Undergrad: 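Structure below; questions to follow.
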2 protein chains.
Amino acid sequence: MDQTQNDLLSPPEQSKGEEDQPKGARRRGDVLENAILQAAWEELEEVGYAQLTMENIAVRAKTNKTAIYRRWPNKVKIVVAAIVKHVPQPDIFAPATGDLRKDVINLLQGISKPMQKIGAETMHALMVEYHGNDLSSQLMRPKTEDKLNIAMKNILKNAQKRGEVRLEQINERVISLPADLLRYEILTTHEPVSDSTILEIVDDIFLPLVRQ
Amino acid sequence: MDQTQNDLLSPPEQSKGEEDQPKGARRRGDVLENAILQAAWEELEEVGYAQLTMENIAVRAKTNKTAIYRRWPNKVKIVVAAIVKHVPQPDIFAPATGDLRKDVINLLQGISKPMQKIGAETMHALMVEYHGNDLSSQLMRPKTEDKLNIAMKNILKNAQKRGEVRLEQINERVISLPADLLRYEILTTHEPVSDSTILEIVDDIFLPLVRQ
DNA sequence: AAGGTACGGTACGTACCGTACCTTAAAAGG
DNA sequence: CCTTTTAAGGTACGGTACGTACCGTACCTT
């Protein structure tokens, strides 16, 4: 009888490396919320946006749809939340290298990786479902307050101090040009954006325009 | 008896302005196919891609889903077919105006209208569902065989003959730049692309680059 | 100890997809 | 003209996923 007790009671407590809760335990608040967002992110990476289901997110998070819908009203919102949580926001104040070319290349490379992580399929899907929602503010802001745009202007201001460019002669559209081209590349290409693409954007297009 | 025959045979033929078939008549082949494509196009314009359903297309075409699935395997395919039928393909061989600037502006304006008709939402949706399909060849080809790219090269060749540019010094990416920017604008903006946007692309970006 | 909160779990109604099946008009072919 | 074949009209179904409703209960607060 004693043997039997030991054999039956011990195993359930352990099982995997991940902190498993005891049999009837419940996670709440942030703990559960993080588990759901983590599950959503993993599902998104594994099966992609189109194949993503609320049910599967719930299963992976070891909870149920209800817990998800208590927090986010639909698929779009939870996916955006998962992305915001797991994808690093680009640095507005990238460290100045003292060279316009290097600064711009760094900026583009910095944003390239995170956007690749999200993937073109998901971005398109979000832009489809965005129609009508107020979702744009998360991913596609008006250009004047776009983070990348601000970062680019800071870079150009520094370049101006060094006499590399004359800011007042540079068109707004030229300022946003590198970021726009990079985003277009990511949206329309299905392979990852190569470093040489970034170099082309900078050396063959952007620099000739700002240095006139 | 003669009267009766006339009275009974005439009425079913008329009823609405649109060519209505008599009670139990059946359309076949191209007639039915065109009716379906027309209905698909109208639904697409009225409710958009996301809200578009096969059932509603069938109802509007006064037929049923079966007739649609006999012709197209899924929603993507019939939408593409409807677009191809109703949206004019852009003119590759735009008449040369004898001026590089005017040629490029004409080209961009020529492609702008048709793409606006399709709409950003539908384009994103198609690019989502494209993943894995052979659908890209309809909308997004490799750049070297892209129709717009060919047209742009023709324009530049003519400009070279007039001594306006030196083609061998112009980067491939610069050649596709105007079309890329226009497409990006259409994909990310929800308002129609204005003429001034096209002028900016041409005057502030493209021409300075090719005229060096 | 009592009460409120929200999690686990199940079941449901809805919507749409894509398919199976049957009937019947119209075309094809002798 | 009659028979055969084709394809349209029409209904119903299986299947998937969304989003909601409800119930019992673990956990937290006081």
Side-chain angles (χ1 to χ4, degrees), chain A residues 12-13 19-40 43-44 46-82 122 125-126 128-129 132-133, chain B residues 9 12-13 19-40 43-44 46-82 125-126 128-129 132-133:
Chain A
E13 245 79 348
E19 28 195 319
D20 252 349
Q21 65 243 359
K23 185 73 194 311
R26 288 186 185 179
R27 297 159 296 175
R28 298 200 164 225
D30 286 348
V31 179
L32 181 56
E33 181 156 327
N34 288 334
I36 295 173
L37 286 178
Q38 178 66 29
E43 284 288 316
L44 186 63
E46 285 188 18
V47 304
Y49 185 90
Q51 308 300 324
L52 188 71
T53 73
M54 302 299 256
E55 184 64 39
N56 284 349
I57 294 176
V59 169
R60 184 185 281 260
K62 294 199 176 79
T63 177
N64 51 303
K65 280 194 297 179
T66 315
I68 300 178
Y69 279 107
R70 285 196 189 102
R71 295 174 163 77
W72 302 274
N74 54 47
K75 191 167 151 178
V76 184
K77 294 292 176 69
I78 189 181
V79 166
V80 170
T122 300
L126 292 181
V128 169
E129 310 212 28
N133 300 350
Chain B
L9 289 181
E13 247 82 343
E19 26 196 321
D20 250 349
Q21 67 248 1
K23 185 75 195 308
R26 289 185 184 181
R27 297 159 295 177
R28 296 198 165 226
D30 288 348
V31 179
L32 181 57
E33 182 156 326
N34 287 333
I36 295 173
L37 286 177
Q38 179 66 28
E43 284 288 316
L44 187 63
E46 285 188 20
V47 305
Y49 186 91
Q51 308 299 324
L52 188 70
T53 71
M54 302 298 257
E55 184 64 39
N56 285 348
I57 295 175
V59 169
R60 183 185 282 262
K62 295 199 176 74
T63 177
N64 51 318
K65 280 194 297 178
T66 316
I68 300 178
Y69 280 106
R70 282 196 192 102
R71 294 173 163 78
W72 302 275
N74 54 48
K75 190 168 153 179
V76 185
K77 293 292 175 69
I78 188 180
V79 167
V80 170
L126 293 181
V128 169
E129 310 211 27
N133 300 351

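Because the structure is predicted, anything quoted here is derived from the model rather than measured. A note on names: the letters A, B, ... follow the listed sequences, proteins ahead of strands, and every chain is numbered from 1.
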Undergrad: What closest approach, in Å, do E43(B) and L52(B) show between heavy atoms, and which atom pair accounts for it?
TA: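 Closest approach of E43(B) to L52(B): CB-CD1, 3.1 Å.
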
Undergrad: What is the minimum heavy-atom distance between K75(B) and Y49(B), and which atoms define it?
TA: NZ-O, 3.2 Å

Undergrad: Measure CD1/I57(A) against P/dG19(D) and give the value in whole Å, please.
TA: 11 Å

Undergrad: Roughly how many Å is it from CD1 in I68(B) to P in dT19(C), rounded to a whole number?
TA: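 Rounded to whole Å, this separation is 13 Å.
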
Undergrad: Starting at CG of L32(B) and ending at C1' of dA27(C), how long is that distance when rounded to a whole Å?
TA: 15 Å

Undergrad: Compare the minimum distances between each of dG9(D), dG19(D), dC7(C) and the side chain of A67(B), then state the nucleotide with the smallest one.
TA: dG9(D)

Undergrad: Taking only the side-chain heavy atoms of K65(A) (C-beta and beyond), determine which of dG19(D), dG9(D), dC17(C) contains the nearest atom.
TA: dG19(D)

Undergrad: Taking N34(B) for the side chain and L37(B) for the main chain, is one N or O donor matched with an acceptor at less than 3.5 Å?
TA: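 Absent.
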
Undergrad: Please give me the minimum heavy-atom distance between A39(A) and R60(A), naming the atom from each residue.
TA: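 Reported closest heavy-atom pair: O-CD, 3.6 Å.
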
Undergrad: Which nucleotide wins on minimum distance to the side chain of M54(A), given the candidates dG19(D), dG18(C), dG8(C)?
TA: dG19(D)

Undergrad: Rounded to whole Å, please give me the gap between CD in E55(B) and C1' in dT14(C).
TA: 14 Å

Undergrad: Closer to the 5' end of DNA chain D via nearest nucleotide, is it T66(B) or K75(A)?
TA: T66(B)

Undergrad: At under 4.0 Å, does any side-chain N or O of R27(B) touch on OP1 or OP2 of dA27(C)?
TA: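 No, no such contact exists.
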
Undergrad: Hey, is the side chain of T63(B) poking within less than 4.0 Å of OP1 or OP2 on dG9(D), counting only N and O atoms?
TA: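 Yes, because at least one side-chain N or O of T63(B) sits under 4.0 Å from OP1 or OP2 of dG9(D).
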
Undergrad: Over how many whole Å does the gap from D30(A) atom CG to dC28(D) atom P extend?
TA: 14 Å

Undergrad: Under 3.5 Å for both donor-acceptor distances, Watson-Crick or wobble: does dT30(D) have a partner, and if so which one?
TA: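 Answer to the pairing question: dA1(C), which forms a Watson-Crick or G-U pair with dT30(D).
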
Undergrad: Can you figure out which of dA27(C), dG10(D), dG19(D) approaches the side chain of R28(B) most closely?
TA: dA27(C)

Undergrad: For dG10(D), does OP1 or OP2 lie under 4.0 Å from any side-chain N or O of N64(B)?
TA: no

Undergrad: Given atom CG of N56(B) and atom P of dC16(C), what is their separation to the nearest angstrom?
TA: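 Computing the N56(B):CG to dC16(C):P distance gives 7 Å.
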
Undergrad: Could you state the CD-P distance from Q51(A) to dG15(D), rounded to the nearest angstrom?
TA: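 Q51(A) atom CD is separated from dG15(D) atom P by 18 Å.
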
Undergrad: Can you tell me the distance, in whole Å, between the CD1 atom of I78(B) and the P atom of dG18(C)?
TA: 11 Å

Undergrad: Which heavy-atom pair separates A61(B) from I36(B) by the least distance, and what is that distance?
TA: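 Looking at all heavy atoms of both residues, the closest pair is CB-CA, 3.9 Å.
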
Undergrad: Does I36(A) reach a base, just sugar-phosphate, or nothing at all? Heavy atoms under 4.0 Å.
TA: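 Answer is nothing: I36(A) stays at 4.0 Å or more from every strand.
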
Undergrad: Taking only side-chain N and O atoms of R70(B), does any of them lie within less than 4.0 angstrom of OP1 or OP2 on dT19(C)?
TA: no

